[in-house]
2 protein chains.
Amino acid sequence: MTSQGSTRQPKYQRIADALRAAIRSGEYGPGDRLPGENDLMATYDVARMTARQALGVLQNEGLAEARKGAGVFVRAFRPLRRHGIQRLAQEQWGSGRSIWSTDSEDRELIVDQVEVHEERASDEIVVALDVPDGSPVWVRSRRFVLDGKPVLFATSYLPSDVVADSAITQSDTGPGGTYARLAELGHKPVHFREEVRCRMPSTDEAERLALSMGTPIIQIVRTAFAEDGRAVEVNEMTLDSASYVLEYDFDA
Amino acid sequence: MTSQGSTRQPKYQRIADALRAAIRSGEYGPGDRLPGENDLMATYDVARMTARQALGVLQNEGLAEARKGAGVFVRAFRPLRRHGIQRLAQEQWGSGRSIWSTDSEDRELIVDQVEVHEERASDEIVVALDVPDGSPVWVRSRRFVLDGKPVLFATSYLPSDVVADSAITQSDTGPGGTYARLAELGHKPVHFREEVRCRMPSTDEAERLALSMGTPIIQIVRTAFAEDGRAVEVNEMTLDSASYVLEYDFDA
DNA sequence: TAGTGGTCTAGACCACATA
DNA sequence: ATGTGGTCTAGACCACTAC
């Protein structure tokens, strides 16, 4: 009688299911503390590792979050809204609203870990920018911290022959930022492509974004194209998926 | 001397790091078998649970996949490319290519689990479609299976007063599909909004998509708007993040 | 049949958070 | 100071896979 009680489900799954149901039913709301390991051991008469495994399931699902020495708590989802296409002619496609509420724009944004340097393009960047093998590129990276929580970090790659001697090689790119400078250099970006994927973070990424267990990251690779069709910038962004909803608006 | 060897890292993390490095260095390629629990116990002189935990880290990162009774194997990433905006005037923004390779279009697609019925709109759908509380909506859901692997399932919601008596209430919507029928009904979709988020799957979702551990899902909620600005369809799609890269192309 | 991963027990020590 | 989660050990039985 080591494992199965009556059905074919592992104990830790049954416990996790019960907790999950309690969360969904509202018995435990966002921020509430869940029963701890000791509680579960007593309630379900299981070993510590089994109780741990049950709580681990919820954490891996992103439903709960452990705080060392304090307990396991129900997580909330209050995303930022990132407008991929901030058209001018946005008009009022007003009827029908978002599924996810967003209480944005009264929060404090800090830009962090700014780093600018020149290096040889990696294989991936060679392909993405369509430059010769081993070409020099300028690399600009930075991190965004919102109300103390890191939410995104990004790295831009720009061909050196395009941006050399411009403010793009400086920490401060000046008014209008990188794209304004590119325009002045005769390489105004007129078209964009964003590639979006989603995966679990590496250890480094989880650290830089202070992610809790069970939080995937969203990776956006945006390529900017100039009038002549040349790729003039590749921007690789890594987002905390618990902090973001991406929005893309477009016409048929 | 229970835990720390010399640094401040847990044993299982050190083991996981070593394996991860070996994977990234190419020592183990996609599909290769990693050292098993017994191997790790011998190599690193640790208990079974510790070796397990190390392998668990890699699985939760989506880097490895366990097959019962066989071993733990390195996972591959061969995504489909989903073009969010399939503009006509796509032209040749040719220079600069994708970071991720895609070998698409010689594979077999099956549409599965088709279900069409009418029901009362949930709170979320009431908001998204901007219909009165408790309004009836038609619900169309289906699953896509590519080469035997489920990659996506989707559920559409359409206001009953718009689609009543049309082919949209049937399993087969006819040539051109739902949007063609909407156009005939005088509600041609002319504008779209896609909301993209990413999270770990629920048990149900993991099952329907046959996801292995450490695989997040991508959720896309697309709202279609008619000329008069009315929301005429909400389509909620759930994608296997290991099978997809989303692409959005747009002009400045 | 031998080996693999999946589950589970019953202990233990630690660092950390909160009161 | 107490309780929490984090790590770890040394055993065990099971179902499954591959040979």
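Chain identifiers are assigned alphabetically (A, B, ...) following the order of the sequence lines, protein sequences preceding nucleic acid strands; residue numbering begins at 1 within each chain.
In this structure A:Glu205 satisfies the side-chain hydrogen bond (donor to acceptor under 3.5 Å, both in side chains) test together with A:Arg199, A:Ser202, sequence neighbours excluded. Taking B:Phe153 as the reference, nothing meets the ring-ring contact (aromatic ring centres under 6.0 Å, His included) condition, with sequence neighbours excluded. Scanning for side-chain hydrogen bond (donor to acceptor under 3.5 Å, both in side chains) contacts around B:Arg140 gives an empty result, with sequence neighbours left out. Under the side-chain hydrogen bond (donor to acceptor under 3.5 Å, both in side chains) criterion, B:Lys149 pairs with B:Asp240, not counting sequence neighbours. Listed by chain and residue number, A:Tyr248 satisfy the ring-ring contact (aromatic ring centres under 6.0 Å, His included) test with B:Tyr248 (two or more places apart in sequence, or in another chain). Not counting sequence neighbours, the partners of A:Glu119 by the side-chain hydrogen bond (donor to acceptor under 3.5 Å, both in side chains) test are A:His117. For B:Glu37, the salt bridge (charged side-chain N to carboxylate O under 4.0 Å, His left out) partners are B:Arg48, B:Arg52, not counting sequence neighbours.
Closest approach of B:Thr173 and B:Gln170 over heavy atoms only: CG2-O, 4.2 Å.
Protein atom CD of B:Glu37 is 16 Å distant from nucleotide atom P of D:dA10, rounded to whole Å. Rounded to whole angstrom, the span from the CG atom of B:Asp45 across to the C1' atom of D:dA10 amounts to 12 Å.
Between A:Asn38 and D:dG3 there is no side-chain N or O to OP1 or OP2 distance below 4.0 Å. A sub-4.0 Å separation between OP1 or OP2 of D:dC8 and a side-chain N or O of B:Tyr12 is absent.
Of the candidate nucleotides D:dC8, C:dG5, C:dT9, C:dT9 has the atom nearest to the side chain of A:Lys11. Relative to the side chain of A:Val46, the nucleotides C:dC8, D:dT9, C:dT9 differ in distance, and C:dT9 lies closest.
Around the CZ atom of A:Arg33, the shell of radius 6.0 Å holds more than 12 heavy atoms that belong to other residues, nucleotides or ligands.
You'll find the side chain of B:Glu194 stays beyond 4.5 Å of the side chain of B:Leu246, heavy atoms only. Residues A:Leu152 and A:Tyr244 meet the side-chain proximity criterion, which asks for heavy atoms closer than 4.5 Å. Using a 4.5 Å cut-off on side-chain heavy atoms (C-beta onward), A:Arg208 and A:Thr238 make no contact.
Within residues 207-214 of chain A, no residue is approached by DNA chain D to less than 4.0 Å at the level of any non-hydrogen atom. Near DNA chain D, meaning a heavy atom under 4.0 Å from it, residues 59-69 of chain B has B:Lys68, B:Gly69 in order of number. Taking a 4.0 Å limit (strictly below) on heavy-atom distances, residues 47-57 of chain A reaches DNA chain C at A:Ala47, A:Arg48, A:Met49, A:Thr50, A:Gln53.
DNA chain D contains the following stems of three or more consecutive Watson-Crick or G-U pairs, with both distances under 3.5 Å: C:1-18 with D:1-18.
Applying the salt bridge (Lys or Arg N to Asp or Glu O under 4.0 Å) definition to pairs two or more places apart or across chains, those involving residues 56-68 of chain A are A:Arg20-A:Glu61.
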